[in-house]
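Okay, so here's the structure we're looking at.
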There are 2 protein chains.
Amino acid sequence: MAARTPLDADAILAATEEILRRHGPDKATVVDVARALGVSHAAVYKHFPSKQALREAVTRRWLDRNRDTLAVIAADRTLRPPQRLRRWLHAVLSLKQAKIREDPELFAAYGHLAAAHSAVATGHVADLLGQLTAIVADGVDDGSFRTGDAEAAARAVFHATAKFHHLAHAAEWPDPGIETQLDEVCGLILEGLQAPRRGDSNH
Amino acid sequence: MAARTPLDADAILAATEEILRRHGPDKATVVDVARALGVSHAAVYKHFPSKQALREAVTRRWLDRNRDTLAVIAADRTLRPPQRLRRWLHAVLSLKQAKIREDPELFAAYGHLAAAHSAVATGHVADLLGQLTAIVADGVDDGSFRTGDAEAAARAVFHATAKFHHLAHAAEWPDPGIETQLDEVCGLILEGLQAPRRGDSNH
């Protein structure tokens, strides 16, 4: 697949993703990508100075696609905030389940970045937390949630659902009971967010 | 430390724990333990036929101690169920944090068993879930919790706090903010358990 048009970063990333998929992460070097595109490796180096930079950029592209899909749910005003929160949490799990199933190589690349606390992985967590905060804030605005601090509540929801989005639990996501477990946790969380505010009697 | 009394399983386990602590898991073989006790390895084999069996038994002994400590909190009727649940969840985290800090070798042995889905690890999870269910049931009895199904609610609480007890998150437990995170999640969960039951408007 020799490039006819001027080489841009996006064409490089599409080719890298293809190579990752077909041949695994070890094969996706700058030289491999240049060969697949029919260009000099200097042309690729101009955009991505290392295999690590390439891998980060490919993972970021995948995560940004997920973020954009989830943003549509987070902003969907046709769903009341409680339903939207539940839908959003299930969508996060589904997107990750699909990736493991269909793109294990890319998923593994993400795992390496997350383990290394790469800015790509921490940036993705911040994106998700931002969307969650927006849903909670919408719920506070329309009176469905009683929480005082949307950001703190979103953080609690995020931590309470770690089993369903934190990479450390990836091995459990193919379990047939996992959606039911998430449903139960969603039910508990939603009751919590919708509860009338009480004093600190439970602290 | 040569044994003067007849060799029993407990003396073997105490010696094994000592060896694990001082020399790491690779050193805690049946032969090492027999040498430390000044007995023949046949005498140890009579109780534990392999290094794996020894490791499982040592880990079970540690987990059973934790279970017993936690059982005291779970059964403490001087604390109302909401406070008791919070205290119990914090105690689970503290016990594991202490183990990582003070007994990393034993903790690593537990990690291996959990990863292998050993009966020791799954039995421990069942023990903890049983205690949680008892706290929730007490709360239903005294009217502090409104949940209909104590077992399902306990399961949801357990999954919603995975970040604070599931081994996959052990690397996060030394974080200085981890107790605050658990507090926030406890607050959300307790609001959920205490909420007046509503229809399935959020489903």
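Proteins come first, then strands; the chains are lettered A, B, ... in the order of their sequence lines, and each starts at number 1.
- Residue pairs that meet the ring-ring contact (aromatic ring centres under 6.0 Å, His included) test with at least one member in residues 42-89 of chain A, sequence neighbours left out, are A:His41-A:Tyr45, A:Trp62-A:Tyr110.
- In terms of the side chain to side chain contact (heavy atoms under 4.5 Å, CB included) criterion, residue partners of A:Ala137 (sequence neighbours excluded) are, by chain and number, A:Ala150.
- In this structure, the separation between CG on B:Leu188 and CD on A:Glu191 is 11.0 Å, given to the nearest 0.5 Å.
- Contacts between residues 155-163 of chain A and chain B, defined by a heavy-atom separation under 4.5 Å, are made by A:Arg155, A:Ala156, A:Val157, A:His159, A:Ala160, A:Ala162, A:Lys163.
- With a threshold of 4.5 angstrom between heavy atoms, B:Leu193 approaches chain A through its backbone and through its side chain.
- Within residues 171-181 of chain B, the residues that have a heavy atom under 4.5 Å from a heavy atom of chain A are B:Glu172, B:Gln181, listed by number.
- Counting heavy atoms of neighbouring residues, nucleotides and ligands inside a 6.0 Å radius, atom CZ of A:Arg87 does not exceed 12 of them.
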